[in-house]
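Reading through the structure tokens given below for one structure.
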Amino acid sequence: MSQRVAVVPGDGIGGEVLAEALKVASAAGAELDTSFFDLGAKRYLASGEVLPDDVLGELRTFDAILLGAVGSPEVPPGVLERGLLLRLRFELDLYVNLRPFHALASVGAGVPVDFAVVRENTEGTYAGEGGFLRKGTAAEVATQGSVNTRFGVERCVRFAFELAEARRRHLTLVHKTNVLTYSGDLWQRTFNEVSGEHPDVETAYHHVDAACIYMVESPGRYDVVVTDNLFGDILTDLAGAVTGGIGRAASANLNPARTGPSLFEPVHGSAPDIAGTGKANPAAAIVSAAMMLDYLGLKDQAARITKAVKDFEPPAPMTTSEFGDAIAERV
Ligand code: IPM
Ligand code: MN
């Protein structure tokens, strides 16, 4: 029985990298029933539509969503990010953003680097709380609150402990409890309580600024990291940069309760500066597709793809499709 996958190429290099991801999935033997959705800058500029309700309703009926990238210099910041990507994360209750990182052998300098960041994906500063007062005047006020619910933090922290159980049994909470004494306190207390149910998982706590140093100087110390939405956004770009480049960083926006489809996408953006040049690295999209296959139960195909990308260091610069072909041959 083939799985129904909604494919949203989006903007810039999104379509180019997804084409390689689908090529590799098919080479690995995954039979996917794909439907393409035209969402992103082009549709918005032509029609003013970002994510119509009926399209969202249709997306809900799929087994999974594979997304390329959204964002364009021709569209004001926030329109597509909030209206499309964040709306999907919130509406589909994709409360975990799981981002695994493996360093190429040449990066680890002897210490294997293999960790995963569990980023809370529906709350924090992303929730959209806040507003303007007296906008455009000299007395203007802008607030942007951070929303942290016990429910939202706990379900994310639980996911992270369960993931750590299945890995090397080490979990680090990253926050800024020395300054964010309300939200940080809620996170720390929740973390400590759930930790009591997982006595075999060793825990650590790092302030986010210190975590940035450790991530660069000794990323091998991490197994699973759990953190809030904004810290997770920033930390995972850094993690990508130190483990072989953001072009390799994959992600899964998960609804672990499986009340609807989960969404899989590379961490990188639409890179309009290199769109159409064949320079985009499809590794992140390919591994994101592998995470999707794994989530859909196609464990074998997923494992072969992940391994092929992990082991592959291109001998010379390759175009997007040459990279896709090379991985397709190895799965
Ligand atoms: C990411 C991206 C998004 C985010 C943007 C495009 C809204 O940077 O997935 O990390 O901030 O979450
Ligand atoms: Mn980001």
Side-chain angles (χ1 to χ4, degrees), residues 8-15 17-18 21 39-44 50-51 64-101 115-130 144-148 152 156 174 208 211-212 215 225-255 262-275 280-281 283-285 287-289 291-292:
V8 183
D11 305 318
I13 61 170
V17 294
L18 282 198
L39 295 167
K42 244 194 256 113
R43 179 162 183 167
Y44 172 73
V50 178
L51 177 58
I65 301 167
L66 188 61
L67 186 140
V70 299
S72 160
E74 292 163 66
V75 179
V79 172
L80 298 171
E81 292 85 348
R82 280 220 165 263
L84 180 52
L85 184 57
L86 298 188
R87 180 147 182 246
L88 285 170
R89 288 178 182 169
F90 297 165
E91 292 271 5
L92 300 175
D93 206 18
L94 308 175
Y95 68 82
V96 162
N97 197 325
L98 177 62
R99 300 184 158 180
F101 298 91
F115 62 91
V117 177
V118 175
R119 165 186 174 189
E120 200 293 319
N121 212 30
T122 54
E123 301 193 339
T125 44
Y126 278 66
E129 196 241 21
Q144 190 96 45
S146 174
V147 176
N148 299 263
C156 174
V174 169
V208 64
C212 290
M215 196 65 81
V225 171
V226 64
T227 191
D228 88 348
N229 209 338
L230 183 59
F231 294 147
D233 176 50
I234 299 165
L235 206 56
T236 53
D237 264 25
L238 182 65
V242 300
T243 57
I246 197 73
R248 298 170 48 88
S251 81
N253 295 258
L254 300 176
N255 169 342
S262 289
L263 182 153
F264 301 80
E265 53 161 351
V267 172
H268 63 68
S270 56
D273 52 324
I274 59 162
N281 183 348
V287 177
S288 301
M291 293 179 84
M292 176 181 81

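Since the structure is predicted, the reported quantities are computational estimates derived from the model, not experimental observations. Start at 1 and go down the list; that is how both ligands and their atoms are numbered.
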* **Nearest-0.5 Å distance, CG of residue Leu88 to CG of residue Asn121** => 11.0 Å
* Quickly, which of Leu230, Val174, Thr227 forms a side-chain contact (heavy atoms from CB on, under 4.5 Å) with Val208? Name it, please. => Val174
* Please test Phe264 against Leu254 for side-chain contact (heavy atoms from CB on, under 4.5 Å), starting from the C-alpha separation and ending with a verdict. => CA-CA 8 Å; Phe264 301 80; Leu254 300 176; 3.9 Å; yes
* Structure fact -> Exactly one candidate in Val70, Ile65, Leu263 meets side-chain contact (heavy atoms from CB on, under 4.5 Å) with Val8; the answer is Ile65
* Asked: Could you walk me through whether Asn253 and Glu265 pass the side-chain contact (heavy atoms from CB on, under 4.5 Å) check?
  -> CA-CA 8 Å; Asn253 295 258; Glu265 53 161 351; 3.1 Å; yes
Exercise answer, ligand 1 polar atom pairs (N/O) under 3.5 angstrom:
{"unit_1": "ligand 1", "atom_1": "8 (O)", "unit_2": "Asp233", "atom_2": "OD1", "d": "3.3"}
{"unit_1": "ligand 1", "atom_1": "9 (O)", "unit_2": "Arg89", "atom_2": "NH2", "d": "2.7"}
{"unit_1": "ligand 1", "atom_1": "9 (O)", "unit_2": "Arg99", "atom_2": "NH2", "d": "2.8"}
{"unit_1": "ligand 1", "atom_1": "10 (O)", "unit_2": "Arg99", "atom_2": "NH1", "d": "3.1"}
{"unit_1": "ligand 1", "atom_1": "10 (O)", "unit_2": "Arg99", "atom_2": "NH2", "d": "3.2"}
{"unit_1": "ligand 1", "atom_1": "10 (O)", "unit_2": "Arg119", "atom_2": "NH1", "d": "3.3"}
{"unit_1": "ligand 1", "atom_1": "10 (O)", "unit_2": "Asp233", "atom_2": "OD1", "d": "2.9"}
{"unit_1": "ligand 1", "atom_1": "11 (O)", "unit_2": "Tyr126", "atom_2": "OH", "d": "2.6"}
{"unit_1": "ligand 1", "atom_1": "11 (O)", "unit_2": "Asp233", "atom_2": "OD1", "d": "3.4"}
{"unit_1": "ligand 1", "atom_1": "12 (O)", "unit_2": "Arg89", "atom_2": "NH1", "d": "2.7"}
{"unit_1": "ligand 1", "atom_1": "12 (O)", "unit_2": "Arg119", "atom_2": "NH1", "d": "3.2"}
{"unit_1": "ligand 1", "atom_1": "12 (O)", "unit_2": "Arg119", "atom_2": "NH2", "d": "2.8"}

* Asked: What protein N/O/S atoms lie closer than 2.8 Å to the Mn ion (ligand 2)?
  -> Asp233 OD1
* Structure fact -> Scanning both residues in full, the closest heavy-atom pair of His268 with Asn281 reads NE2-O, 4.3 Å
* Side-chain (Arg119) to main-chain (Asn229) donor-acceptor, under 3.5 angstrom -> yes
* Asked: Do any N or O atoms from the side chain of Asp228 and from the backbone of Gly124 form a donor-acceptor pair under 3.5 angstrom?
  -> no
* Are the side chains of Cys212 and Leu238 in touch, meaning some heavy atoms are under 4.5 Å apart? -> yes
